[in-house]
Structure formats: C-alpha cells, structure tokens
Q: 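My structure is below; once you've seen it, I'll send some questions.
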Amino acid sequence: MIANTLPLLTWRWLKVNDALIELPEVESQVKEIIAKEGDTVSTLFDINSACAESRHTKINIHAQKGATVNIYYVARSSQENAALTDICADVEDGATVNLIQIEAGAKRTVTNYIANLKGKGAATNVEAVYFASEENNLDIFYHINQIGEETKSNIVINGALKDRAKKTFKGTIDFKKGSKKSVGSEEEFATLLDDEVRAIAVPVLLCQEDDVEGVHAASAGKIDQDKLFYIMSRGLSLEEAKKMIVETKLAPTIHKLPDSKLSEEIWSEIESRI
C-alpha cells in the first residue's frame, strides 16, 4: 500500500515522496468521533497488545461549530510488524481538534493526520513524541488544510532514535485561497542516540493566499557533549545522563495523557529501551 504521499513532490532520489507499507489481508478498524455544536469530547486510544502482526486504524473526526475534540493516541505494541494509522478531522467554525500522539511501537509504522480547517476560526494543535530503536522504521505525515478565515494550526514534535532506526517526518501546512489572517506553525526536533540512525524531515508550506503567516523548523543532532559532561559530573553514568536528557524532551508530552498510571508505564517502557 502506498501512503503518506506529499502534495508537492520533491526529488525522487530523496525517497520521501510517499511511503510503502505491506498490510496483507488486514481489515481497517474505523472509529467515528462526532462532537456536536459546543460540546467537548475527549478520547484515549492505547494500542498496546496487538491481536495481529499488522494493523490499520482509521479515526474520523467531525468537530461542529464551537466544539472541542481532544484525541490521545498511544501506539506502543512492539509485537506488531506493520501498523498504519489514518486520522482525518473536519473542523467547523470556532471548533478545535487537539491531538496528543505517542509513537513507540511497531517495526514498520506509517501514521498520518489530515485536518481540514473549514470554518472561520477553526484550529488544530498537534503535540507528538516518538521513540524508535533497533531497525524500526517510522513515517509520520501531518497535513493541515487551512481553508477558512482566521484558522490556526500548531505542530510540535520531539523524538529520539537509537541503534539503526529510521524516521521520516513530512509536515505540510497548506493555506488555501480564502484563508485570510490564518496562522500556521510546525516544528520537529530529533535526538540521535547512535551513529547509524537516520532522520529525515520534510517541512512544507504551501500558500494560495496573501494575508497569512506560516513558520516551519526542523532539526536533528546528537546529545550535546557539554550537557552530558555536566550531568555526569554530578555522579550519573553515561547511560543515566542520556536517559535524563531524552526524558526532558519526551516526558512533558507523555505526562499530558489523562491517565497518570499510563504515562508512567509508557515512559518506563521507553526508558528501558534507551
């Protein structure tokens, strides 16, 4: 299956235009979330023990006028060989969709979130963290269509890669004609824990409107040696120092989950793999 295709293709040799994922005879698990006018809806998805080696999860969200939808999505089943997650949100006037996403699971993971900010003042906020180790391959795709006037989008991602893991982040903010006075921002930060990891980031801004503001940033690098030396001078080992630095980047988002016990479990699982 071809997934996560960029709306504006780049050089083919970069191999980031789309993602290939094999899902033999896997039925889609579809969840429908409808927030009626003025309502607040919060839903937690915890993908921990997979019933099959492959999984395809679809979540369709419709946030009506003035509604707020909070989605907490956690994928941490290392038993899965391949996992595809599709999240699509239609956001009406004054409505907001907030997504907290934690990816620390399958050997081959493809995850995408598409938000259509249709109404005036519609908004979406994405805060995500990821951790990939061994030879795991992670492809993350966020595509925000800012259609209505005065729409707002904000994407912040922090992650860490270990061993020979690979991550591709593709983030697109698309200001459509008619999206006057809209604002969009995307940031992605990758911490590289080993020499053989590979981190690719493709932040994209598309614009068909004049009176808008778009910002994007991406960075990837090893842990600062001065920070490591400072922490180790306080009596911690090298591994303990690395864990502390990674924790400062990932834990703040993990602890935003509504279940404190789940937050502790997730961090413990990630910590044991660092």
Side-chain angles (χ1 to χ4, degrees), residues 27-48 55-76 83-103 111-130 140-158 171-187 209 212-214 252-266:
E27 293 185 2
S28 300
Q29 305 170 29
V30 182
K31 306 292 184 181
E32 300 284 346
I33 298 174
I34 299 175
K36 296 182 179 180
E37 184 172 340
D39 284 354
T40 297
V41 176
S42 298
T43 306
L44 170 65
F45 297 89
D46 179 17
I47 312 298
N48 186 18
R55 171 177 57 83
H56 184 190
T57 301
K58 291 184 178 181
I59 303 172
N60 298 320
I61 304 165
H62 186 190
Q64 297 180 7
K65 183 177 180 180
T68 299
V69 178
N70 300 308
I71 300 294
Y72 303 92
Y73 186 86
V74 179
R76 55 187 176 124
L84 171 61
T85 301
D86 290 312
I87 304 175
C88 183
D90 290 326
V91 192
E92 305 296 344
D93 289 4
T96 300
V97 174
N98 300 310
L99 172 64
I100 299 289
Q101 185 170 6
I102 298 164
E103 288 289 344
T111 176
N112 66 71
Y113 171 61
I114 298 175
N116 301 306
L117 306 184
K118 296 180 175 181
K120 183 176 181 179
T124 187
N125 300 293
V126 179
E127 189 171 344
V129 297
Y130 62 82
I140 302 171
F141 180 51
Y142 296 134
H143 189 156
I144 314 300
N145 292 306
Q146 303 203 207
I147 301 167
E149 293 184 6
E150 300 178 20
T151 59
K152 296 180 180 180
S153 66
N154 186 44
I155 301 170
V156 180
I157 306 173
N158 277 286
T172 299
I173 296 176
D174 192 349
F175 295 102
K176 301 294 188 180
K177 188 69 176 177
S179 60
K180 293 181 179 180
K181 300 186 183 303
S182 292
V183 178
S185 173
E186 58 176 324
E187 300 175 285
E209 187 59 71
V212 296
E213 180 181 342
T253 299
I254 294 173
H255 287 300
K256 288 186 178 180
L257 295 173
D259 185 332
S260 59
K261 183 180 178 181
L262 176 62
S263 298
E264 294 298 333
E265 286 181 6
I266 293 167

Q: To the closest 0.5 Å, what do you measure between NE2 (H255) and CD1 (I266)?
A: 9.5 Å
Q: How close do Q146 and T151 get, counting heavy atoms only, and between which atoms?
A: NE2-OG1, 2.9 Å
Q: Please answer whether the main-chain N or O of T111 pairs with a side-chain N or O of T85 as donor and acceptor at a distance below 3.5 Å.
A: no
Q: Write out all pairs satisfying salt bridge (Lys or Arg N to Asp or Glu O under 4.0 Å) with one or both partners inside residues 253-262, taking only residues at least two apart or from two chains.
A: E127-K256
Q: Testing the 3.5 Å rule here: is there a donor-acceptor pair between the side chains of E92 and H62?
A: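 Their side chains do contain a donor-acceptor pair, which is all the 3.5 Å distance test asks for.
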Q: Pick out which of V91, T124, I147 makes a side chain to side chain contact (heavy atoms under 4.5 Å, CB included) with N116.
A: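 When V91, T124, I147 are each tested with N116, the side chain to side chain contact (heavy atoms under 4.5 Å, CB included) holds only for I147.
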Q: Residues in salt bridge (Lys or Arg N to Asp or Glu O under 4.0 Å) with K65, at least two apart?
A: none
Q: Would you confirm whether E209, through its side chain, and G178, through its main-chain N or O, come within 3.5 Å as a donor-acceptor pair?
A: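 Judged by distance alone, yes, a pair lies under 3.5 Å.
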Q: To the nearest 0.5 Å, what is the distance between CD (E264) and CG (L257)?
A: 10.5 Å
Q: Hey, are the side chains of N158 and T253 touching, using non-hydrogen atoms and a 4.5 Å cut-off?
A: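 No - every pair of side-chain heavy atoms lies 4.5 Å or more apart.
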Q: Who are the salt bridge (Lys or Arg N to Asp or Glu O under 4.0 Å) partners of K180, not counting sequence neighbours?
A: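 Not a single residue meets the salt bridge (Lys or Arg N to Asp or Glu O under 4.0 Å) criterion with K180.
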Q: Without hydrogens or angle criteria, can the side chains of N145 and H143 be said to hold a donor-acceptor pair below 3.5 Å?
A: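 Judged by distance alone, the side chains do pair up.
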Q: Would you call the rings of Y142 and Y113 parallel, tilted or perpendicular, taking 30° and 60° as the class edges?
A: perpendicular
Q: Does the side chain of Y72 come within less than 4.5 Å of D46's, by heavy atoms?
A: no
Q: State which residues pass salt bridge (Lys or Arg N to Asp or Glu O under 4.0 Å) with K36; sequence neighbours excluded, sorted by chain then number.
A: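 Partners of K36 by the salt bridge (Lys or Arg N to Asp or Glu O under 4.0 Å) criterion come out as none, since no residue qualifies.
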Q: So, using salt bridge (Lys or Arg N to Asp or Glu O under 4.0 Å) as the criterion, who are the partners of K152 when residues are at least two apart?
A: none
Q: Sequence neighbours excluded, which residues qualify as side chain to side chain contact (heavy atoms under 4.5 Å, CB included) partners of K120?
A: D93, E149, E150
Q: Which of these, N70, V69, I61, I71, sits in a side chain to side chain contact (heavy atoms under 4.5 Å, CB included) with T43?
A: I71
